[in-house]
Amino acid sequence: MNPAFLVISVLVVIFIIYIIGLKLQLRSLRRQLEYRISAPVKKPLALEMQDSDLMALTAALNQIFRQDEEFRRSRNRDENEYKELITNISHDLRTPLTVLKGYLQLLERCEMDDTGRTYLSVCFRHTDELEQRIRQFFEYSFWMNQDQEPELKLLNVTNLIVDTMTDFIPMFEEKGLTMRLDQDTACKGLAEEELLRRVMQNLLKNCLQYSVGEVVVSVTQDAAASLRSLQDHTPEGNIRICVQNPIAADSTLDPSKVFQRFYVERKERNHSTGLGLSIVKLLVEKMQGEVFAVRNENLLRIGFYLRTAIF
């Protein structure tokens with residue numbers, strides 16, 4: 001046999017073995033990457049074949065994974081510290097505020113002239129506003145720290161919304177506002193009663209803050225849109241709850257930001273904490289739903305979707 005041919009044959013065999021080994025190693029890396037997606041413990045990628053290029057690639061991937069894990073831990077740490085800060089602030093402010101309100105009530109019983117009464121009413125107004133803000137901070141921190149999943153049941157959503165709207169009638173009348181339910185068809189959805197009631201209360205409170213006209217609430221079996229998580233199922237798998245209200249023509253309210261924490265339209269003129277709609281988003285998502293906000297000129301629509309069946 002020709003020695004040159006023999007050498008070439010050996011080199012070809014070695015090359016084929018190398019390619020096969022390379023493909024096997026790449027397949028192993030792919031399997032390790034796929035496993036990392038669902039694995040509770042993220043192990044670094046390992047190589048069996050000592051190839052310099054593959055080793056460099058693997059080392060770079062492991063470095064990226066380490067940095068990503070560190071970023072995730074840092075973010076979780078910051079989020080937990082933020083939650084604890086909100087909770088502590090809420091608790092720390094409640095006691096002195098209660099004492100302050102008590103002394104203001106005692107002062108109210110004392111004799112004073114009209115100017116003093118005016119100053120006292122201002123103090124009461126600002127104290128009530130502060131109490132409301134602290135209550136919202138406390139509510140937000142409470143729900144943020146609730147790890148237990150709500151027990152979802154098939155509820156008559158329309159009836160619960162009507163009950164909540166009835167409770168708000170005096171407050172709407174006091175501000176010269178009206179509201180109505182767009183339709184009275186009973187719609188059922190998967191929800192937790194307390195969470196759903198809190199969601200509707202916050203949405204109606206938001207209307208009290210921003211609405212300049214009639215508030216219209218609608219509950220519909222939505223055949224045109226579906227939750228992102230239900231895209232593979234029938235569109236009848238959810239219901240749509242929408243609260244619509246007109247806002248001032250010069251309003252700068254941005255619907256893409258209304259669910260962000262602490263977002264308010266005009267801070268210099270607004271007495272809101274900016275947490276009301278953040279709580280709405282938080283609670284709706286706990287019920288496996290999805291929120292939305294749309295503005296059409298001076299008409300604002302804020303609402304959410306709820307499931308009607310468990311898949």
Side-chain angles (χ1 to χ4, degrees), residues 136 155-189 191 195-228 230 235-260 263-266 269-285 287 289-308:
Q136 262 198 333
L155 301 178
N156 190 319
V157 174
T158 305
N159 284 353
L160 188 145
I161 289 174
V162 169
D163 290 343
T164 308
M165 291 173 66
T166 302
D167 294 337
F168 272 77
I169 288 176
M171 287 176 275
F172 272 72
E173 290 180 344
E174 185 179 344
K175 294 201 69 172
L177 296 172
T178 59
M179 62 175 168
R180 64 179 172 87
L181 187 66
D182 193 33
Q183 49 79 40
D184 57 1
T185 303
C187 291
K188 294 185 178 181
L195 300 193
L196 182 56
R197 194 177 298 276
R198 293 302 300 157
V199 166
M200 286 308 304
Q201 288 172 347
N202 282 1
L203 287 176
L204 294 176
K205 286 177 184 176
N206 186 70
C207 292
L208 287 171
Q209 183 81 28
Y210 291 104
S211 181
V212 295
E214 184 181 47
V215 174
V216 180
V217 181
S218 61
V219 188
T220 56
Q221 187 82 33
D222 193 9
S226 61
L227 291 162
R228 283 190 291 266
L230 294 177
E236 288 77 16
N238 64 91
I239 59 174
R240 182 177 184 267
I241 298 93
C242 180
V243 179
Q244 171 186 294
N245 64 276
I247 55 179
D250 64 343
S251 171
T252 59
L253 189 141
D254 185 348
S256 67
K257 297 180 180 179
V258 295
F259 294 110
Q260 294 178 6
Y263 173 75
V264 292
E265 179 189 357
R266 295 176 182 173
R269 289 168 47 186
N270 201 301
H271 301 292
S272 169
T273 59
L275 283 174
L277 293 181
S278 296
I279 294 173
V280 166
K281 183 175 186 294
L282 180 65
L283 299 187
V284 167
E285 290 178 350
M287 293 187 289
E290 180 184 335
V291 295
F292 66 87
V294 180
R295 178 178 178 178
N296 184 8
E297 295 182 353
N298 69 326
L299 197 63
L300 180 66
R301 296 183 182 91
I302 298 178
F304 56 99
Y305 296 99
L306 288 179
R307 298 173 184 264
T308 58

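Of all heavy-atom pairs between A191 and L196, the closest is CB-CD2, 4.0 Å. The minimum heavy-atom distance between Q260 and S256, with the atom names listed, is NE2-O, 4.1 Å. When all heavy atoms are compared, the tightest approach of D182 to S218 is CB-CB, 3.8 Å. Pairing each heavy atom of V258 with each of A293, the nearest pair is CG2-CB, 3.6 Å. Between C207 and N245, the shortest heavy-atom distance links the atoms SG-OD1, 3.7 Å. In terms of heavy atoms, F292 sits closest to F304 at CE2-N, 3.3 Å.
Annotation: salt bridge (charged side-chain N to carboxylate O under 4.0 Å, His left out) contacts of R295 (sequence neighbours excluded): none.
Contact annotation: the side chain of P255 never approaches that of V294 to less than 4.5 Å [non-hydrogen atoms, C-beta and beyond]. Side-chain contact between F172 and T178 is absent, with no heavy atoms from C-beta onward closer than 4.5 Å. Counting heavy atoms from C-beta on, the side chains of V199 and M287 come closer than 4.5 Å. Within the 4.5 Å cutoff, the side chain of Y210 has no heavy atoms near those of the L300 side chain. Looking at I169 and M179, their side chains come closer than 4.5 Å, going by heavy atoms from C-beta outward. At least one side-chain heavy atom of V243 sits under 4.5 Å from a side-chain heavy atom of M200. Considering only heavy atoms from C-beta on, V216 comes within 4.5 Å of E214 through its side chain. Put simply, the side chain of L181 reaches to within 4.5 Å of the side chain of T158, judged on heavy atoms.
Here the SG atom belonging to C187 is positioned 10.5 Å from the CG atom belonging to N159, to the nearest 0.5 angstrom. Interatomic distance, CD of E290 versus CZ of R307, reported as 10.0 Å (0.5 Å rounding).
Without hydrogens or angle criteria, N202 side chain to G276 main chain gives a donor-acceptor distance under 3.5 Å. T308 contributes no side-chain N or O that, together with a main-chain N or O of G189, makes up a donor-acceptor pair within less than 3.5 Å. Checked by atom type and distance alone, the side chain of T164 never pairs as donor or acceptor with a backbone atom of Q201 at under 3.5 Å.
The salt bridge (Lys or Arg N to Asp or Glu O under 4.0 Å) contacts involving residues 159-179 comprise nothing, where partners must be two or more places apart or lie in separate chains.
Atom NZ of K205 has more than 12 heavy atoms from other residues, nucleotides or ligands within 6.0 Å.
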